[in-house]
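See below for the structure under consideration.
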Number of protein chains: 2
Amino acid sequence: MAEQTMNRPNIRQIREACRTCSLSDLCLPVALETEDVDALDGIVERRKPLARGDVLYRSGRPFGAIYAVRTGALKSMTISEDGEEQITAFHLPGELLGLDAISFGEHPSTASALETTSICEIPFEELETLSADIPGLNRQLLRIMSKEIFNEQEMLHALARRTAEQRLAILLTSLSDRFARRGLSSIRFRLPMSRHELSNYLGLAPETTSRLFRRFVDNGWITADGREISLIDFDALKAVTGGGASAMEKNAGLTKHS
Amino acid sequence: MAEQTMNRPNIRQIREACRTCSLSDLCLPVALETEDVDALDGIVERRKPLARGDVLYRSGRPFGAIYAVRTGALKSMTISEDGEEQITAFHLPGELLGLDAISFGEHPSTASALETTSICEIPFEELETLSADIPGLNRQLLRIMSKEIFNEQEMLHALARRTAEQRLAILLTSLSDRFARRGLSSIRFRLPMSRHELSNYLGLAPETTSRLFRRFVDNGWITADGREISLIDFDALKAVTGGGASAMEKNAGLTKHS
DNA sequence: CGGGAGCTTGATTTGCTTCAATTAGAGTGG
DNA sequence: CCACTCTAATTGAAGCAAATCAAGCTCCCG
């Protein structure tokens with residue numbers, strides 16, 4: 001399937017079309033015809049950028065669209081009845097969010113921007129209509145959701161069973177791979193989230209996260225200046241993750257197909 | 001959508017058809033026509049029962065079908081390179097498994113029977129073909145996967161952030177609701193998994209799980225005779241879960257539609 | 001030059017794991 | 001049918017990792 005892709009004469013145009021709207025997840029790994037991509041592109045709405053803290057959609061609101069991150073970053077979170085927010089995911093450029101709303105008709109989580117963020121809106125109604133005509137698109141939607149399930153499972157056990165040190169190493173290497181996937185530097189990047197948000201996501205106390213950053217720096221694995229991170233010894237980081245967990249390998253795996 | 005379902009004259013037949021093949025997840029919550037259900041039913045293969053420990057599919061094997069549990073129970077697990085098995089999910093009657101394989105073309109996890117188990121095989125190729133003709137089915141497949149994503153997210157944070165006590169309470173109430181969904185008793189049931197497997201899934205030491213069962217019994221919340229569990233005080237259990245987490249509420253939510 | 005939030009650092013406590021036995025159960029063969 | 005064996009489950013004691021409690025620090029913004 002991926003092999004077929006390579007033989008198509010217009011694959012470069014397709015990729016370009018995808019890239020402009022950050023729909024790489026939806027388009028790149030499959031062999032969509034150029035006209036199909038155009039059709040997909042046609043239903044995508046570019047929304048005005050979100051400022052830090054702006055809410056893209058709120059938990060409980062009716063579901064009408066999924067979203068692709070163009071630039072910036074967002075967090076997904078649920079808010080328990082005692083008002084405590086629980087971050088369930090970070091969304092980087094090129095990634096999709098809102099998929100978890102498909103089954104309920106309303107968003108089970110709230111998404112807000114971590115920094116100035118531009119996104120594309122993909123109305124689900126129209127995407128579904130389009131899917132009926134384009135078998136490849138339908139399949140790709142399923143693929144993405146399946147991948148999502150798997151990544152969640154990986155992360156689930158990454159967080160459930162691993163030590164704090166392993167959790168942070170997993171997060172850093174995961175971010176690295178996800179940035180790399182979008183063509184950004186995999187060894188030097190700026191964390192879009194605060195230490196507090198990062199700790200919340202990892203299920204750790206902020207103090208623990210802070211101590212870990214110190215330890216990683218002392219070990220010579222990374223340098224950290226606020227949110228600016230450099231991975232000095234990626235292999236060392238990778239080694240402490242515990243091997244088994246790597247939601248990122250799967251991202252890399254899909255990228256290779258394109 | 002769910003409302004439309006109620007008005008169809010043949011909804012009862014549809015449900016019956018679904019129930020016979022344990023495809024409730026796939027059929028019940030949506031308004032599929034009788035002939036559609038028949039078509040779906042036609043592609044489903046009933047495989048011979050699995051004995052305890054039998055492997056349904058192994059990690060790395062090519063993906064060809066998803067499966068529905070008719071009776072019994074299975075576990076999904078990944079095996080890290082050091083040979084340690086990590087249980088990622090339990091699958092009860094009426095539930096689907098194998099969804100996580102759709103994106104990669106091969107199974108990322110291994111599924112094996114916890115007890116004598118009968119399952120239905122749903123060849124994915126044919127399901128996809130069928131989906132093209134039946135919009136409702138396609139949507140439902142997406143719904144299920146979306147729900148799966150959400151449940152995973154819920155569980156992820158249930159396990160990552162909660163105490164051992166909360167984790168076990170969440171598991172017990174979740175199982176209770178899932179059994180109830182299949183029309184089985186929600187207050188008295190037999191655990192399909194060993195303490196060891198249960199602990200593995202929850203990310204706890206078996207000793208901790210054992211101590212927790214004791215504590216729950218001492219508190220008068222449950223009675224436990226080996227794998228036979230009775231929930232004496234469901235509300236107390238529910239209370240200690242921490243409120244926010246409830247992958248099961250969502251299961252119940254879908255049931256209500258039917 | 002304050003003021004405040006985010007981050008870091010130190011001291012103490014708690015909860016879970018680990019280590020070490022013991023007990024209970026399930027299956028087996030005499 | 002009962003002793004025997006092996007594995008699963010339980011229980012106790014000790015150790016450790018991370019949370020919590022409590023200050024300081026630093027940077028940003030007024």
Side-chain angles (χ1 to χ4, degrees), chain A residues 51-53 75 82 84-87 112 114-116 157-172 190-219 222-229 240-242, chain B residues 51-53 75 82 84-87 112 114-116 157-172 190-219 222-229 240-242:
Chain A
R52 171 176 168 73
K75 62 177 172 183
D82 57 351
E84 194 100 15
E85 91 174 35
Q86 177 57 251
I87 299 174
S112 79
L114 294 168
E115 55 195 9
T116 304
H157 291 97
L159 298 189
R161 299 278 283 186
R162 319 257 166 197
T163 65
E165 184 177 56
Q166 290 174 317
R167 296 184 200 191
L168 183 57
I170 288 168
L171 183 95
L172 288 176
R190 180 180 172 78
L191 296 176
M193 72 295 282
S194 70
R195 294 283 191 279
H196 179 79
E197 287 163 328
L198 197 147
S199 305
N200 181 304
Y201 177 69
L202 292 179
L204 299 173
E207 295 93 329
T208 303
T209 308
S210 180
R211 280 183 253 269
L212 285 171
F213 268 106
R214 183 164 207 348
R215 196 193 301 174
F216 282 15
V217 170
D218 288 349
N219 290 354
I222 66 172
T223 64
D225 177 21
R227 294 187 179 187
E228 290 293 340
I229 304 292
V240 302
T241 58
Chain B
R52 170 176 168 74
K75 61 177 172 183
D82 57 350
E84 194 100 15
E85 88 174 37
Q86 177 57 255
I87 299 174
S112 80
L114 292 169
E115 55 195 8
T116 305
H157 291 95
L159 297 190
R161 301 275 288 186
R162 319 259 168 198
T163 65
E165 185 177 55
Q166 290 174 316
R167 296 183 200 191
L168 183 57
I170 288 168
L171 182 94
L172 289 176
R190 180 180 172 79
L191 296 176
M193 73 295 283
S194 69
R195 294 284 192 278
H196 178 80
E197 289 163 328
L198 197 147
S199 306
N200 180 304
Y201 176 70
L202 293 179
L204 299 173
E207 294 94 327
T208 304
T209 308
S210 180
R211 279 182 255 269
L212 284 171
F213 267 105
R214 186 166 204 346
R215 195 193 302 174
F216 282 14
V217 170
D218 289 348
N219 290 355
I222 67 171
T223 64
D225 177 21
R227 295 187 178 187
E228 289 292 340
I229 304 292
V240 301
T241 58

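Each chain gets a letter, A, B and so on, in the order the sequences are listed, and its residues count up from 1. Scope of the values below: all heavy atoms of this structure, side chains included, with no hydrogens, waters or symmetry mates.
Taking atom CG of residue B:L204 and atom P of nucleotide D:dA9, one finds them 15 Å apart after rounding to whole Å. When the C1' atom of C:dT8 is taken as reference, atom NE2 of A:H196 falls 16 Å away, rounded to whole Å. D:dA17 atom P lies 19 Å from atom CG of A:L202, rounded to whole Å.
Looking at heavy atoms from C-beta onward, B:V240 lies out of side-chain contact with B:T163 at the 4.5 angstrom threshold.
In this structure a side-chain-to-backbone donor-acceptor pair under 3.5 Å is present from B:R167 to B:R162.
Between A:E85 and A:K75 there is a salt bridge, since a side-chain N of the basic residue sits under 4.0 Å from a carboxylate O of the acidic one.
Within 4.0 Å of B:T163, counting heavy atoms only, lie sugar-phosphate atoms of the nucleic acid but no base atom. Among the heavy atoms of the strands lying under 4.0 Å from A:S194 are primed sugar atoms or P, OP1, OP2 only; no base atom is included. Using a 4.0 Å heavy-atom distance criterion, A:A164 is classed as a sugar-phosphate-only contact.
No N or O donor and acceptor, one from the side chain of B:E165 and one from the base of C:dC16, sit under 3.5 Å apart. The base of D:dT10 is not paired with the side chain of B:R215 by any donor and acceptor separated by under 3.5 Å.
The B:R211 side chain lies nearest to C:dT17 when the options are C:dT17, D:dA22, D:dA18.
Residue A:R214 places no side-chain N or O under 4.0 Å from the OP1 or OP2 atom of C:dT8. Under 4.0 angstrom from either OP1 or OP2 of C:dT17 there lies at least one side-chain N or O belonging to B:T208. Considering only side-chain N and O atoms, B:R195 lies under 4.0 angstrom from the phosphate OP1 or OP2 of D:dT10.
Heavy atoms only, all atoms of each residue included: B:N200 and A:R161 are closest at O-NH1, 3.7 Å.
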